[in-house]
Amino acid sequence: HFAELLEDGTGLFIFGSHGAGKTYAAAAIVNELTDRGYDCMFTSMNNIMTELSTLGLEGRRNLFCQIFSKDLLVLDDLGSEVETYYTNQTFIQIVTTCLSKSIPVIVTTPYPEDALLKASGNEKRIMALTRLLNRNINFTVPMPVARRNRNLQKKQKAEALVKGAASQQPLPAFGSPAD
């Protein structure tokens, strides 16, 4: 039902822990919509800020024109960027323009809603986030049990290897070069 969501500029806010599949879900949506002929951009605030830092005034203007000409914008892993005055201003500009142009935004973040809002010390960024949260459909992607079990097994295996290797190594003598 993307055509109806596009009319209102309604996007998604996808919450979930690392490895839950947020980015995968957002990428699958972009792939499907691109196959249907929609013009989508998948990026992150980190990528936008890195690109902006390499561009002159005209290049920055062109990048924003690109972003604001899309049918859908995905901001992956929101909250992982370093918050500076410039980052906040850029985020606020992107959100405000997307909302005013009814461009749906999909946001993925590993942070719960309250933590995402509290982490920002910038009142205008909080207002932009709140407006985006209110416009979007918000949901949490739970970590799949199989993936959680695989991650736990990997961690246990690594711990066993490290502990086993440590127990097999003789401790260096006091005053040896290993100190």
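- Remark: Ile106 CD1 to Thr23 OG1 distance equals 11.0 Å, nearest 0.5 Å.
- Atom CZ of residue Phe139 and atom CG of residue Leu12 lie 5.5 Å apart, to the nearest 0.5 angstrom.
- At a threshold of 4.5 Å between side-chain heavy atoms, the hydrophobic network of Ile, Leu, Val, Met, Phe, Trp and Tyr places Leu117 and Ile94 in one connected group.
- Phe68 approaches Gln93 most closely through the heavy-atom pair CZ-O, 4.0 Å.
- Judged by distance alone, with hydrogens and angles left aside, the side-chain atoms of Arg135 form a donor-acceptor pair with the main-chain N or O of Asp8 at under 3.5 Å.
- Minimum heavy-atom separation, Leu55 to Arg60: O-NH2, 3.1 Å.
- In terms of heavy-atom proximity, Ala128 sits nearest to Val95 at O-CG1, 3.5 Å.
- Remark: the backbone N or O of Thr96 is not paired with any side-chain donor or acceptor of Arg131 at under 3.5 angstrom.
- Rounding to the nearest 0.5 Å gives a distance of 5.0 Å between CG of Leu52 and CG of Leu63.
- Residues Phe42 and Tyr24 do not share a hydrophobic cluster, defined by chaining ILVMFWY side chains whose heavy atoms lie under 4.5 Å apart.
- For Lys22 (side chain) and Ser17 (main-chain N/O), a donor-acceptor pair under 3.5 Å exists by modelled atom type.
- For Asp76 and Thr108, the side-chain atoms include at least one donor-acceptor pair closer than 3.5 Å.
- Expressed to the nearest 0.5 Å, how far CE of Met45 lies from OG1 of Thr50 amounts to 10.0 Å.
- Atoms CD and CE, on Glu81 and Met49 in that order, are 9.0 Å from each other to the nearest 0.5 Å.
- One side chain, Asn46 or Ser80, offers a donor N or O that lies under 3.5 Å from an acceptor on the other.
- Here the closest heavy-atom approach between residue Pro110 and residue Leu78 is recorded as CD-O, 4.1 Å.
- In the displayed structure, Glu123 atom CD is contacted under 6.0 Å by at most 12 heavy atoms of other residues, nucleotides or ligands.
- Note that CE of Met127 and NZ of Lys124 are 7.0 Å apart. Values are rounded to the nearest 0.5 Å.
- Judged by distance alone, with hydrogens and angles left aside, the side-chain atoms of Glu32 form no donor-acceptor pair with the main-chain N or O of Val30 at under 3.5 Å.
- Judged as a side-chain hydrogen bond (donor to acceptor under 3.5 Å, both in side chains), and not counting sequence neighbours, Asn136 has no contacts.
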- request: Please assess Ile14 against Thr109 for the test side chain to side chain contact (heavy atoms under 4.5 Å, CB included), listing each intermediate value before the final yes or no.
  value: CA-CA 6 Å; Ile14 306 173; Thr109 182; over 6 Å; no

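- Checking each of Leu116, Leu75, Ile137 against Phe13 for a side chain to side chain contact (heavy atoms under 4.5 Å, CB included) leaves exactly one that passes, namely Leu116.
- Under the 6.0 Å distance and 45° angle rule, Arg125 counts as a cation-pi partner of Phe91.
- With a 4.5 Å cut-off on side-chain heavy atoms, Cys40 and Leu33 count as touching.
- Here the side chain of Asn138 pairs a donor or acceptor atom with the backbone of Leu133 at under 3.5 angstrom.
- Checked by atom type, the side-chain pair Glu83/Asn88 shows a donor-acceptor distance below 3.5 Å.
- Under the rule for a side-chain hydrogen bond (donor to acceptor under 3.5 Å, both in side chains), the partners of Thr84 that lie at least two apart in sequence or sit in another chain are Thr87.
- In this structure a side-chain-to-backbone donor-acceptor pair under 3.5 Å is present from Asn134 to Thr130.
- For Cys98 against Val105, the heavy-atom pair with the smallest separation is CB-CG2, 3.7 Å.
- Remark: aromatic rings of Tyr38 and Phe2 are close, center separation under 6.0 Å.
- Contact detail for Ile103 and Leu73: the closest heavy-atom pair is CG2-N, 4.3 Å.
- Note on Val107 and Leu99: same hydrophobic cluster, where clusters join Ile, Leu, Val, Met, Phe, Trp and Tyr whose side-chain heavy atoms are under 4.5 Å apart, directly or indirectly.
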query: Would Met41 and Ile67 satisfy side chain to side chain contact (heavy atoms under 4.5 Å, CB included), going step by step from the backbone distance to the final call?
result: CA-CA 7 Å; Met41 178 183 274; Ile67 292 170; 3.6 Å; yes

